[in-house]
Amino acid sequence: QVQLVESGGGLVQAGGSLRLSCAASGRTLSNFRMGWFRQAPGKERDFIAAISRSGGSTTYSDSVKGRFTISRDNVRNTLYLQMNSLNPEDTAVYYCAADSGPGLATNWARYDYWGQGTQVTVSS
């Protein structure tokens, strides 16, 4: 079991930046591949970014590539998502997720553990 708690969401103007954090407890984060997802009202949960256990491999959705950066600190047991050049279409609840499988995973169904989510709102 691992417990995940996101933080860092909030209200930001278009063009601004936010950094989300996902603190893990219960087990060492290095045992898990990790991902960030988001869900806007009335829409499905979408993949944003994923990172391997060591942090050596990452992948992004086309919608955020070049603007968002996923990273992890396995000593601090924390996952991060740096979000730059935000626009109103990025408004959503953002979730971090963990899974004990190898490599990277972009499908939400492959993740076993989820945080409660943090709201990100981007005003125009």
Side-chain angles (χ1 to χ4, degrees):
Q1 280 284 65
V2 63
Q3 292 77 45
L4 304 173
V5 178
E6 302 96 336
S7 62
L11 174 64
V12 63
Q13 288 188 332
S17 299
L18 283 175
R19 187 174 83 153
L20 304 184
S21 299
C22 172
S25 62
R27 288 186 63 186
T28 303
L29 197 64
S30 59
N31 291 322
F32 300 92
R33 61 186 178 186
M34 303 292 295
W36 284 99
F37 293 77
R38 67 186 180 188
Q39 189 166 19
K43 295 188 177 181
E44 295 184 349
R45 188 167 297 191
D46 289 333
F47 166 75
I48 298 173
I51 189 167
S52 61
R53 294 183 186 186
S54 68
S57 297
T58 58
T59 189
Y60 298 88
S61 69
D62 289 342
S63 63
V64 306
K65 196 174 298 181
R67 300 188 298 125
F68 291 11
T69 302
I70 188 172
S71 63
R72 65 191 298 161
D73 185 336
N74 286 340
V75 174
R76 295 179 183 270
N77 250 22
T78 304
L79 174 74
Y80 302 100
L81 184 68
Q82 178 66 44
M83 306 186 295
N84 299 328
S85 301
L86 286 162
N87 59 64
E89 289 70 39
D90 295 316
T91 295
V93 177
Y94 284 68
Y95 300 90
C96 65
D99 177 69
S100 58
L104 300 169
T106 61
N107 187 333
W108 66 266
R110 294 189 177 275
Y111 287 87
D112 294 326
Y113 305 102
W114 292 84
Q116 82 290 349
T118 185
Q119 176 71 47
V120 172
T121 303
V122 184
S123 63
S124 58

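Only this structure's heavy atoms are used, side chains among them; waters, hydrogens and symmetry mates stay out. Predicted model, so just to flag it, every value in this text is computed and none were measured.
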Margin query: Before you tell me yes or no, could you show the steps for Gln82 and Ser17 under side-chain contact (heavy atoms from CB on, under 4.5 Å), namely the whole-Å CA-CA distance, both residues' side-chain angles and the distance that decides it to 0.1 Å?
Written below: CA-CA 8 Å; Gln82 178 66 44; Ser17 299; 4.0 Å; yes
For the hydrophobic clusters of this structure (ILVMFWY residues joined by side-chain heavy atoms under 4.5 Å, transitively), does one cluster hold both [X] and [Y]?
X     : Y      : answer
Trp36 : Trp108 : no
Val2  : Leu79  : yes
Ile70 : Tyr113 : yes

How far does [atom1] of [X] sit from [atom2] of [Y], to the nearest 0.5 angstrom?
X      : Y     : atom1 : atom2 : result
Thr59  : Ile48 : OG1   : CD1   : 12.5 Å
Leu20  : Phe68 : CG    : CZ    : 8.0 Å
Leu29  : Arg27 : CG    : CZ    : 10.5 Å
Leu104 : Ser52 : CG    : OG    : 5.5 Å
Ile51  : Ser71 : CD1   : OG    : 6.0 Å
Glu6   : Leu81 : CD    : CG    : 11.0 Å

Sub-4.5 Å side-chain heavy-atom contact between [X] and [Y]:
X      : Y      : value
Leu86  : Leu18  : yes
Tyr80  : Arg19  : yes
Ser30  : Arg53  : no
Val122 : Val120 : yes

Margin query: Testing the 3.5 Å rule here: is there a donor-acceptor pair between the side chains of Thr78 and Asp73?
Written below: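 Asp73 and Thr78 do not have a side-chain donor-acceptor pair below 3.5 Å.
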Between [X] and [Y], which heavy-atom pair has the shortest distance, and what is it?
X      : Y      : value
Ala105 : Phe47  : O-CE1, 4.0 Å
Pro88  : Ser124 : CG-CB, 3.8 Å
Tyr111 : Ala50  : OH-CB, 3.8 Å

Note to self: Quick check on the 6.0 Å ring-centre criterion: do Trp114 and Phe37 meet it?
What the structure shows: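 Close enough - the centres of the two rings lie under 6.0 Å apart.
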Next item on the list: Report the residue from Thr58, Asp99, Leu4 that forms a side-chain contact (heavy atoms from CB on, under 4.5 Å) with Met34.
Entry: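 Exactly one pass, corresponding to Leu4.
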Notebook entry, point to check: Ser61 and Ser63: side chain to side chain donor-acceptor pair (under 3.5 Å), yes or no, with the steps?
Noted result: CA-CA 5 Å; Ser61 69; Ser63 63; 3.0 Å; yes
Check: Ion pair present between Asp46 and Arg38, side-chain N to carboxylate O less than 4.0 angstrom?
Finding: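 Here Asp46 does not pair with Arg38 in a salt bridge, since their nearest N and O are not under 4.0 Å apart.
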